[in-house]
There are 2 protein chains.
Amino acid sequence: MEQTEGARRNPLSPGRILHTAVALADEGGIDSVSMRKLAQELGVVPMALYKHIANKDELLDGMIDVVVSEIDPPGAGLDWKTAVRQRILSARRALLCHTWASRVIESRTTPTPAVLAYMDSMIGMLLSGGLSVDLTHHVMHALGSRILGFSQELFTPSASVDPREAATAVRAMSGTYPHLAKVAARVDHDEGAVVGPGCDDQFEFEFALDLLLDGIEALRVRRWSSHSSQQAAP
Amino acid sequence: MEQTEGARRNPLSPGRILHTAVALADEGGIDSVSMRKLAQELGVVPMALYKHIANKDELLDGMIDVVVSEIDPPGAGLDWKTAVRQRILSARRALLCHTWASRVIESRTTPTPAVLAYMDSMIGMLLSGGLSVDLTHHVMHALGSRILGFSQELFTPSASVDPREAATAVRAMSGTYPHLAKVAARVDHDEGAVVGPGCDDQFEFEFALDLLLDGIEALRVRRWSSHSSQQAAP
DNA sequence: ACCTGAACACCGTTCAAGT
DNA sequence: ACCTGAACACCGTTCAAGT
């Protein structure tokens with residue numbers, strides 16, 4: 001007949017559910033976000049959530065939009081390359097704050113409205129920077145998930161990597177994977193000497209990003225078009 | 001006291017389990033590969049699988065290695081760029097044959113021996129092509145999962161996309177996402193006119209790959225080093 | 001000693017029973 | 001009419017009971 005005190009004081013809403021879900025994922029990883037655990041965190045029965053969100057897919061989409069909304073708006077008065085670079089690095093910051101986000105976005109099959117809006121804005125930056133519609137289209141594909149700050153590494157090194165343990169592993173694999181060991185040994189050496197960037201995630205991300213952006217700028221200057229060239233990037 | 005006829009005729013083995021699991025995933029998607037369904041497909045009780053594979057993680061690792069083993073060996077007598085390009089396109093072919101593979105690889109946290117061997121071989125190709133150890137290291141990061149043929153698109157377009165339906169969607173979103181609609185409309189137009197590549201996955205993949213490889217070749221020629229430059233890719 | 005069926009601890013979601 | 005607890009159909013894996 002009457003709602004419980006807890007519910008009246010703090011009524012459920014899509015916003016509160018989403019906020020709690022994001023906090024839960026930030027703290028305990030995405031696996032700790034189940035409809036059951038989320039309901040428990042909110043002090044309600046699991047089925048109560050279904051009054052505010054249709055299903056778990058909608059919950060995940062909402063969580064993505066929370067992260068995407070943390071991306072800074074585009075800066076004004078900058079050349080296209082600087083502006084795009086800044087925005088992508090901002091997206092990367094947002095993504096790094098929520099370690100679960102990239103995995104969740106990858107698992108989705110259709111983009112959320114916030115992601116579409118972000119992509120639309122990014123396309124606008126490219127077009128107003130002087131890129132043709134044709135080039136812009138291919139550039140969006142070439143940047144791909146990197147637009148949202150994805151590092152696109154094959155294996156993200158697990159957080160708990162003891163340097164001494166890693167060095168031992170490198171020595172052990174030098175027989176089986178000689179080339180890999182050679183590169184890994186060099187990175188170790190660099191880190192010890194503090195001479196240059198050994199294996200800094202941020203450096204690697206910017207290295208790849210700049211490689212692409214510089215190549216794209218060259219195509220823009222050359223008025224490259226997919227219609228007029230046999231090769232993609234001569 | 002005696003094994004069943006089925007089991008005696010076709011005894012379980014890690015190889016047979018893996019082969020069946022890959023076939024099952026190829027046919028019905030990765031979700032149809034559960035220990036229970038896999039056992040059913042093999043005509044055994046679920047627990048029988050655990051005699052040959054430790055757990056589901058080991059099964060997934062084994063499935064990955066099956067796909068990776070389908071990648072062609074490196075071609076001989078080619079310059080590094082052509083050789084690397086060919087090999088990555090071969091990896092992409094293997095990956096496209098098994099639509100579940102990229103998702104499964106992404107979900108793993110540690111690389112399998114076959115993946116390590118492939119990466120080791122790829123590093124060897126770069127080093128013997130004249131790239132420094134330093135540059136090779138950053139190049140491996142920059143290529144990232146693209147080395148295995150990942151397209152790194154933000155959203156892989158679902159297989160069932162009706163062109164007419166897509167055109168309607170583009171017109172509908174032109175108000176909310178004007179820039180996106182502009183690019184999408186251009187792609188539609190191109191496809192109709194058969195003038196150039198509208199949105200061919202293979203073209204987009206090669207476009208991005210060549211953008212990176214050409215940029216890398218330029219760095220090699222310039223003897224670029226992460227120690228001697230402030231900017232990653234000047 | 002060995003194999004295996006039942007059981008455990010989960011999951012997202014449905015549905016009918018109770019107020 | 002509405003809310004919700006039990007139930008359904010799964011999942012990977014454990015474990016003890018039976019042969």
Point to revise | Arg87(A): partners by side chain to side chain donor-acceptor pair (under 3.5 Å), with sequence neighbours left out | key: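 Per chain and number, Arg87(A) pairs via side chain to side chain donor-acceptor pair (under 3.5 Å) with Ser121(A).
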**Study point:** Asp120(A): partners by side chain to side chain donor-acceptor pair (under 3.5 Å), with sequence neighbours left out
**Key:**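 Asp120(A) satisfies side chain to side chain donor-acceptor pair (under 3.5 Å) with no other residue.
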**Study point:** Distance, P atom - from dT19(D) to dA7(C), rounded to whole angstrom
**Key:**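 Comparing P positions in dA7(C) and dT19(D) gives a spacing of 16 Å.
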Exercise for review: Could you work out the separation of dG18(C) and dC8(D) based on their P atoms and round it to a whole Å?
Suggested key: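 The answer is 15 Å between these two P atoms.
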Exercise for review: Tell me, please, which residues at least two apart from His179(B) pass ring pair (Phe, Tyr, Trp, His ring centres under 6.0 Å).
Suggested key: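 Checked His179(B) against ring pair (Phe, Tyr, Trp, His ring centres under 6.0 Å); zero matches.
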Show me the side-chain donor-acceptor pairs of residues 35-51 of chain B shorter than 3.5 Å, one per line, residues at least two apart or across chains.
none

Practice item. Any pair with a residue in residues 99-123 of chain A that passes ring-ring contact (aromatic ring centres under 6.0 Å, His included), sequence neighbours left out, goes on the list, sorted by first then second residue, please. Key: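 Output for this query lists His98(A)-Trp100(A).
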**Study point:** Side chain to side chain, His137(B) and Arg186(A), heavy atoms closer than 4.5 Å
**Key:**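 Counting from C-beta outward, His137(B) and Arg186(A) never come under 4.5 Å.
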Applying side-chain contact (heavy atoms from CB on, under 4.5 Å), name anything that partners [X], two or more places apart in sequence or on another chain.
| X | answer |
| --- | --- |
| Ser145(A) | Phe150(A), Gln152(A), Gln152(B), Leu154(B) |
| Val66(B) | Leu18(B), Val22(B), Glu70(B) |
| Ser90(B) | Ile71(B), Asp72(B), Arg93(B) |

Exercise for review: Please confirm whether the backbone N or O of Ile64(A) pairs with a side-chain atom of Asp61(A), one donor and one acceptor, at under 3.5 Å?
Suggested key: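 Answer holds: no.
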Practice item. Under 4.0 Å from any atom of DNA chain D, heavy atoms only: list the residues of residues 22-35 of chain A that qualify, in numerical order. Key: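 Those residues: none at all.
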**Study point:** side-chain contact (heavy atoms from CB on, under 4.5 Å) partner of Val183(B), the single match among Val139(A), Ile123(A), Leu126(A)
**Key:**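 The residue from Val139(A), Ile123(A), Leu126(A) that satisfies side-chain contact (heavy atoms from CB on, under 4.5 Å) with Val183(B) turns out to be Ile123(A).
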Practice item. Taking atom NZ of Lys182(B) as the centre, report whether more than 12 heavy atoms of other residues, nucleotides or ligands fall under 6.0 Å from it. Key: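 Not more than 12 within 6.0 Å, no.
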**Study point:** Interface limits on DNA chain D, where chain A has a heavy atom under 4.0 Å of a nucleotide atom
**Key:**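 Boundary nucleotides touching chain A, in 5' to 3' order, are dC3(D) to dA7(D).
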Review point. Where along residues 46-60 of chain B does a heavy atom come under 4.0 Å from DNA chain C, residue by residue in number order?
Key: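 Met47(B), Lys51(B) - these, ordered by number, are the residues of the stretch whose heavy atoms sit under 4.0 Å from the strand.
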Review point. Is the distance between the ring centroids of Phe203(A) and His138(B) under 6.0 Å?
Key: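 Yes, the ring of Phe203(A) comes within the 6.0 Å limit of the ring of His138(B), centre to centre.
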Check your understanding: If you write DNA chain D from 5' to 3' in dot-bracket form, with Watson-Crick or G-U pairs under 3.5 Å, [ ] for crossing pairs and | for pairs with another strand, what do you get?
Key -> ||.|||||...|||||.||
